[in-house]
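Worksheet: one structure, shown below.
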Amino acid sequence: MSSTRRKFLHSSLLGSLGLFAGKKSMAHPVDTLYAPTKNEPIVISTWDFGKAANAEAWTVLGKGGRALDAVEAGVKIPEADPNNQSVGYGGLPDRDGRVTLDACIMDEQYNCGSVMCLEYIMHPISVARLVMEKTPHVVLVGDGALQFALANGFQKENLLTPESEKVWKEWLKTSKYEPVINIENKLHKPAGEGNMPGGPNNHDTIGMIAMDASGNFSGACTTSGMAFKMHGRVGDSPIIGAGLYVDNEIGAATSTGVGEEVIRIVGSHLVVELMRQGLAPEAACKKAVERIISRSPAKAKTLQVGFIAINKKGEYGGYALQKGFTYAVKSGKEEKLIPAKSIY
Ligand code: SD4
């Protein structure tokens, strides 16, 4: 046996006996990376509906539970809420009237799972978690994701509520296809055109990131995507690095808004890397938003994108292109909804 391997086994054994808990081990960096330390749990998530989702996540975090379990439980709240027309059940359909869902999840050890364009399953986040835990893969899409979900006991359900169907039928009268942005709770079409049906939830994903009492991070992101999208269109939300990224040494970030712009800059990964360079969460989110503007300043004025992030110290922040983006925070010290700063 090589001496490195022997050292690893030795330090793992000591680690599992708890002899290194809370201390910086010199024996092997893996021991220090995941060693429990005393941390204040915290969870943050996108938009106003993040508040109810955080409260659910707190039922896990507040008891010293794992961040991964907390974020999964948290985002299942908007997924099951028929009044939320941008996530899960009740989500606005694509242009063909099909509700297609995107979700991803990531834990403290770079494990991740994702489903894209999944139909008929109310909790895509739990399917994404199973992809992570039960398969050697990271992503399953469409029929393959559905097949996998059904094989694992998920029920097929109609996710198109009468309300969302009504909005879709209204949209069909004009069938105009363009992103609609959320500014101060109003829907605005680019270039001053009239508002589009769909209510204020036309495209509001839930992205949730959390640090638990062991100092470990996880994140989850789930959405029905852009309303009336082309069938098969996938945004940033289920793409690891774009809609969500977790690096347990640094922190975590997630995004909402026009997914195409977030994918182009690999937004959430960028935010985490900016924090690695020393930026505070809010400053890192702002820089990522500025990257979108630098690519195309005129277009950026017509879009909404928001990021939120937490670092290893439990500091958090958010930033958006436009006014109107809110995020919810819950910790042992506070519970609030924060209007994010924005460029425009
Ligand atoms: C997407 N990012 O599918 C998602 C939608 C969203 O606020 O977040 N809207 O592009």
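Both ligands and their constituent atoms are indexed starting at 1 by order of listing.
No N or O atom of Trp47 sits closer than 3.5 Å to an N or O atom of ligand 1. Distances between N or O atoms of Gly235 and those of ligand 1 include no value under 3.5 Å.
The contact set between ligand 1 and Gly225, taken as ligand atoms under 4.0 Å from a residue heavy atom, comprises 3 (O). Each of the following atoms of ligand 1 lies closer than 4.0 Å to a heavy atom of Asp204: 7 (O), 9 (N). Heavy-atom proximity to Met226, at under 4.0 Å, picks out these atoms of ligand 1: 3 (O). Close contacts between ligand 1 and Thr256 involve ligand atoms 6 (C), 7 (O), 8 (O), 9 (N) [criterion: under 4.0 Å to a heavy atom]. Each of the following atoms of ligand 1 lies closer than 4.0 Å to a heavy atom of Ser237: 2 (N), 4 (C). Heavy-atom proximity to Asp236, at under 4.0 Å, picks out these atoms of ligand 1: 1 (C), 2 (N), 4 (C), 10 (O).
The closest side-chain donor-acceptor pair between Asp48 and Thr326 falls under 3.5 angstrom. A side-chain donor-acceptor contact under 3.5 Å links Ser255 and Asp236.
Side-chain atoms of Trp168 come within 3.5 Å of backbone atoms of Arg95 as a donor-acceptor pair (strictly under, hydrogens ignored).
Ion pairing of Asp247 with Lys312 is absent here, as no side-chain N (NZ or NE/NH1/NH2) approaches a carboxylate O to less than 4.0 Å.
Residue Met132 is grouped with residue Val71 when hydrophobic side chains (ILVMFWY) are merged at heavy-atom distances under 4.5 angstrom, including chains of intermediate members.
Ile125 has its side chain within reach of Lys76: a pair of non-hydrogen atoms, C-beta onward, lies under 4.5 Å apart.
Only the side chain of Arg233 comes within 4.0 Å of ligand 1, counting heavy atoms alone; its backbone N, CA, C and O stay farther away.
Taking the six-membered ring for Trp and thresholds of 30 and 60 degrees, Trp171 and Phe228 have nearly parallel ring planes, at less than 30 degrees apart.
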